[in-house]
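Let me begin by presenting the structure, written as C-alpha cells, before commenting on it.
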Amino acid sequence: AGFQNHGKVVYLKEVSEESPEAFYLYFWSDDVPDFQGWWFGPAVGGDKVVAFHPDAESSDAPPQSGWRVPFHGEVDPNFEVTGQQETAEKDAPATAVPPEEVPDE
C-alpha cells in the first residue's frame with residue numbers, strides 16, 4: 001500500500017515555515033547490519049541524512065523515539081517522529097510521495 005522502499009511505506013515530512021526542506025522517512029534493508037533501519041533525510045537512499053534508528057524488526061511504522069541525531073551519534077531524547085503514521089499506511093497517496101527512481105528491494 002502506497003510508495004515503499006525495502007518493503008515498508010515511505011513517509012514525507014512536508015515543507016513548512018519551520019522546515020523549508022522536505023524530508024523522507026524511509027526504511028533501508030542492507031547486507032551490512034549497521035545500516036539496517038529507519039532513515040530520515042532529503043532523499044530516499046541518499047548520502048545526506050539527518051537521523052537514523054536501527055529498529056529493523058518492530059513494525060511497518062517508524063519508531064517514535066530512540067533516534068540517533070546525527071545518524072552516527074548518540075540517541076537524541078528530544079527527536080521524535082510523530083504525526084500521521086497510521087494514516088500514511090491506510091491512505092499512502094495523501095501522506096507519502098513517490099521518491100524518484102527508487103528501486104523497491
Side-chain angles (χ1 to χ4, degrees):
F3 306 105
Q4 297 190 354
N5 189 62
H6 293 259
K8 298 190 182 191
V9 173
V10 173
Y11 298 87
L12 172 67
K13 181 186 182 307
E14 295 181 348
V15 174
S16 68
E17 286 184 25
E18 297 84 32
S19 179
E21 186 175 11
F23 284 91
Y24 294 96
L25 179 56
Y26 60 94
F27 181 77
W28 192 265
S29 178
D30 198 288
D31 292 337
V32 180
D34 290 345
F35 296 132
Q36 292 183 359
W38 290 93
W39 293 86
F40 192 76
V44 174
D47 291 338
K48 182 180 175 186
V49 293
V50 175
F52 170 69
H53 195 296
D55 183 2
E57 303 297 326
S58 69
S59 71
D60 290 334
Q64 182 175 353
S65 60
W67 290 82
R68 295 180 188 170
V69 182
F71 76 93
H72 51 67
E74 298 295 319
V75 170
D76 182 342
N78 298 314
F79 187 91
E80 289 189 348
V81 173
T82 60
Q84 301 175 351
Q85 291 179 11
E86 291 179 36
T87 304
E89 291 183 275
K90 294 176 185 169
D91 187 17
T95 54
V97 297
E100 302 212 13
E101 299 181 28
V102 174
D104 185 22
E105 297 180 358

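- Under the 4.5 Å side-chain criterion, counting only non-hydrogen atoms from C-beta, V10 is not in contact with L25.
- Using the six-membered ring where Trp is involved, W67 and H53 have ring planes that are perpendicular, over 60° apart on the 30 and 60° scheme.
- At least one donor-acceptor pair closer than 3.5 Å links the side chain of Y26 to the backbone N or O of G45.
- A perpendicular orientation is assigned to the rings of F79 and F40, their planes being inclined by more than 60° (bins at 30° and 60°).
- Rounding to the nearest 0.5 angstrom, the gap separating the OG atom in S65 from the CG atom in D76 is 11.0 Å.
- S29 contributes atom OG, which lies 4.5 Å from atom CD of Q36 (distance to the nearest 0.5 angstrom).
- The two residues Y11 and P62 make their nearest non-hydrogen contact at CE1-CD, 3.4 Å.
- Of the possible donor and acceptor atoms, one in the side chain of N5 sits under 3.5 Å from a partner among the backbone N and O of F27.
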Requested in this report: Please test W39 against F71 for ring-ring contact (aromatic ring centres under 6.0 Å, His included), starting from the C-alpha separation and ending with a verdict.
Outcome: CA-CA 8 Å; W39 293 86; F71 76 93; 5.7 Å; yes
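- When all heavy atoms of G37 and F52 are compared, the closest pair comes out as CA-CE1, 4.0 Å.
- Neither F35 nor V75 shares a network with the other; the hydrophobic side chains, linked directly or stepwise wherever heavy atoms of I, L, V, M, F, W or Y lie under 4.5 Å apart, form separate groups for each.
- Taking all atoms of both residues into account, the shortest heavy-atom contact from V81 to P63 is CB-O, 3.7 Å.
- Across P42 and K48, no two heavy atoms sit closer than the pair CD-O, 3.2 Å.
- Closest approach of Q64 and T82 over heavy atoms only: NE2-CG2, 3.6 Å.
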